[in-house]
Amino acid sequence: MKKPHPNIADNWPAFEHAHVWHPYAGMPASPVPLPVASAQGVRLTLDNGRELVDGMASWWAVIHGYNHPVLNQALRDQLERMAHVMFGGLTHRSAAELAALLVELSPEPLQHVFFCDSGSVAVEVAIKMALQYWQARGEHQRRRLLTVRGGYHGDTFGAMSVCDPVTGMHHLFQGMLPAQLFAPTPDCSKDADWDEERIAELRLLLERHHQELAAVIIEPLVQGAGGMRFYCGAYLRRLRELCSEHNVLLILDEIATGFGRTGSLFACQQAAVDPDIMCLGKALTGGYMSMAATLTTSEVAGAISRAGPFMHGPTFMGNPLACAVACASVRLLLDSPWPTRIKHIEARLRRGLEVCRDLPGVRDVRVFGAIGVVELSEPVDMAWIQPRLVSRGVWLRPFGRLLYTMPPYVIGDEDLDRITRAMTEVVAENADR
Ligand SMILES: *Cc1c(COP(=O)(O)O)cnc(C)c1O
């Protein structure tokens, strides 16, 4: 039986709300998603005309702001040539240009680029690379991964298996997820406080299990969606040494931290650590299109390829539009005074959020690069907090006990202060409830 075409003309948001899934939401989503009509710079304009300063950069991605003329032009130019062409057996100039940029800018040993459609897929590809590498080397028993608690690496099955077991909802998919090894969440805020004890449990796991381990995977310096925690470079450096000692590959997931967010182009560069495999995503296209990349060394690529092909190949791999806008976004970043901007945002976030520290119900305030976090002692009530942020002209999307911002790098002082003021005010109001 043919279903009638739904008439959405007079009220599309009602139809959308009843029929379309949203991230980590039930059907229908609650609170009701806000319809956005357009976006420009750091501002979203809602259907009802209200303007919101975007403190989320659309989940870390929109680093240059919305509707950027340079990015728009790069897309138009590529569109005139071709929107898409299959990557199996064919290639194009934008893919080469993007690969050249990524190889040049990433840590020296990374020489080979696999283009993927999303961050989660970039993590799947990284895991596959590690597994195929050891198979190629005849070490078939190396099939497990080691990671730390509090991590987030994406929503597909391989990626989920290395997310924090609790916040990553492992119990929902029990029996379907490969059982990985977990060390405690890194706990060291400054290199100066480094003490070998801080990595003792991870070291013990490596000593015990290295023969069955393919790789260690970790987010460098910032654990993002798994809890917005920061840790010191000394931890990462020590981890690199331990991986090399035990002959285990190191995968760094720079999907959230890549392209300047923490003050260096890639977070691992602050710690002077070179990974064997690195995942990029989110800000890669300046938030314009879904695209990610997995980079690896000649050692890993060479070993895999001597044994056979690498077994992954998405339909939209190396999409020319995505490659073109990614090239433009990376160049735009490099041509901007981004290190100064990140430092400035960091200082201003620190100043703006410091007052929260003395408010009741606040457990911690932390700032690193263009990331500002207020951790509360109780989970936030989304239905309560969201309209209060919106009424202050700000778009933020808290989760769990965390109210946080990672704004576009182009944000001005007034808009940044509007975000920190809104955060401070709702935290204060929340304490009085
Ligand atoms: C967002 C994120 C991912 C997943 O990327 P998607 O594009 O959402 O699939 C993986 N790792 C980290 C560190 C992330 O922040």
Side-chain angles (χ1 to χ4, degrees), residues 21-25 56-63 106 114-130 145 147-165 167-169 177 180 185-186 215-231 236 239 250-262 264-268 271 273 275 277-295 312 314 316-317 319 322 325-326 329 368-371 373 397-400 402 404-407:
W21 293 102
H22 280 261
Y24 313 107
M56 298 297 291
S58 277
W59 274 337
W60 317 72
V62 182
I63 54 177
S106 62
F114 191 101
F115 292 121
C116 325
D117 350 46
S118 73
S120 302
V121 174
V123 170
E124 298 293 328
V125 164
I127 294 172
K128 276 193 184 178
M129 280 180 181
L145 297 167
T147 186
V148 291
R149 291 182 183 272
Y152 177 78
H153 297 282
D155 292 346
T156 50
F157 277 81
M160 260 198 302
S161 77
V162 283
C163 288
D164 182 84
T167 60
M169 300 285 157
L177 292 177
Q180 316 291 18
T185 302
V216 171
I217 181 168
I218 194 167
E219 296 157 275
L221 305 194
V222 177
Q223 292 190 295
M228 306 298 292
R229 285 184 212 88
F230 311 141
Y231 67 91
L236 202 60
L239 175 60
L250 177 62
I251 302 172
L252 291 185
D253 180 348
E254 289 259 9
I255 291 167
T257 48
F259 304 102
R261 182 61 65 180
T262 66
S264 54
L265 203 52
F266 303 107
C268 63
V273 164
I277 301 174
M278 181 162 103
C279 302
L280 298 174
K282 291 201 160 90
L284 174 60
T285 62
Y288 264 57
M289 300 193 63
S290 181
M291 163 150 239
T294 307
L295 277 65
H312 205 86
F316 289 101
M317 182 170 181
N319 173 256
V325 75
S329 173
F368 181 26
I371 311 166
V373 184
R397 179 92 176 151
F399 71 92
L402 302 166
Y404 68 104
T405 181
M406 58 255 166

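Because the structure is a prediction, the values reported are computed rather than measured. Residues: numbered from 1 along the sequence shown. As the structure lists them, so they are numbered: ligands from 1, and atoms in each ligand from 1.
At least one donor-acceptor pair under 3.5 Å links the side chain of R261 to the backbone N or O of M406. At least one donor-acceptor pair under 3.5 Å links the side chain of Q223 to the backbone N or O of R149. In terms of modelled atom types and a separation under 3.5 Å, the side chain of S161 and the main chain of L177 share no donor-acceptor contact. Judged by distance alone, with hydrogens and angles left aside, the side-chain atoms of E254 form a donor-acceptor pair with the main-chain N or O of C268 at under 3.5 Å. At distances below 3.5 Å, not a single donor-acceptor pair connects side-chain atoms of T285 with backbone N or O atoms of V325.
Distances below 4.0 Å separate heavy atoms of D253 from the following atoms of ligand 1: 10 (C), 11 (N), 12 (C), 13 (C). Short contacts between ligand 1 and H153, defined as distances under 4.0 Å to a heavy atom of the residue, involve ligand atoms 10 (C), 11 (N). Per-residue contacts place G119 under 4.0 angstrom from the following atoms of ligand 1 (heavy atoms of the residue considered): 4 (C), 5 (O), 6 (P), 7 (O), 9 (O). Set against the non-hydrogen atoms of E219, the atoms of ligand 1 under 4.0 Å away are 13 (C). Remark: ligand 1 atoms within the under-4.0 Å shell around heavy atoms of S118 are 7 (O), 9 (O). Of all the atoms in ligand 1, the ones that sit under 4.0 Å from a non-hydrogen atom of S120 are 4 (C), 5 (O), 6 (P), 9 (O). Listed by number with element, the atoms of ligand 1 under 4.0 angstrom from any heavy atom of K282 are 1 (C), 2 (C), 3 (C), 14 (C), 15 (O).
Relative orientation of the H312 and F114 rings is perpendicular, given thresholds of 30° and 60° on the angle between their planes.
Heavy atoms of Y152 found under 4.0 angstrom from ligand 1 belong to the backbone as well as the side chain.
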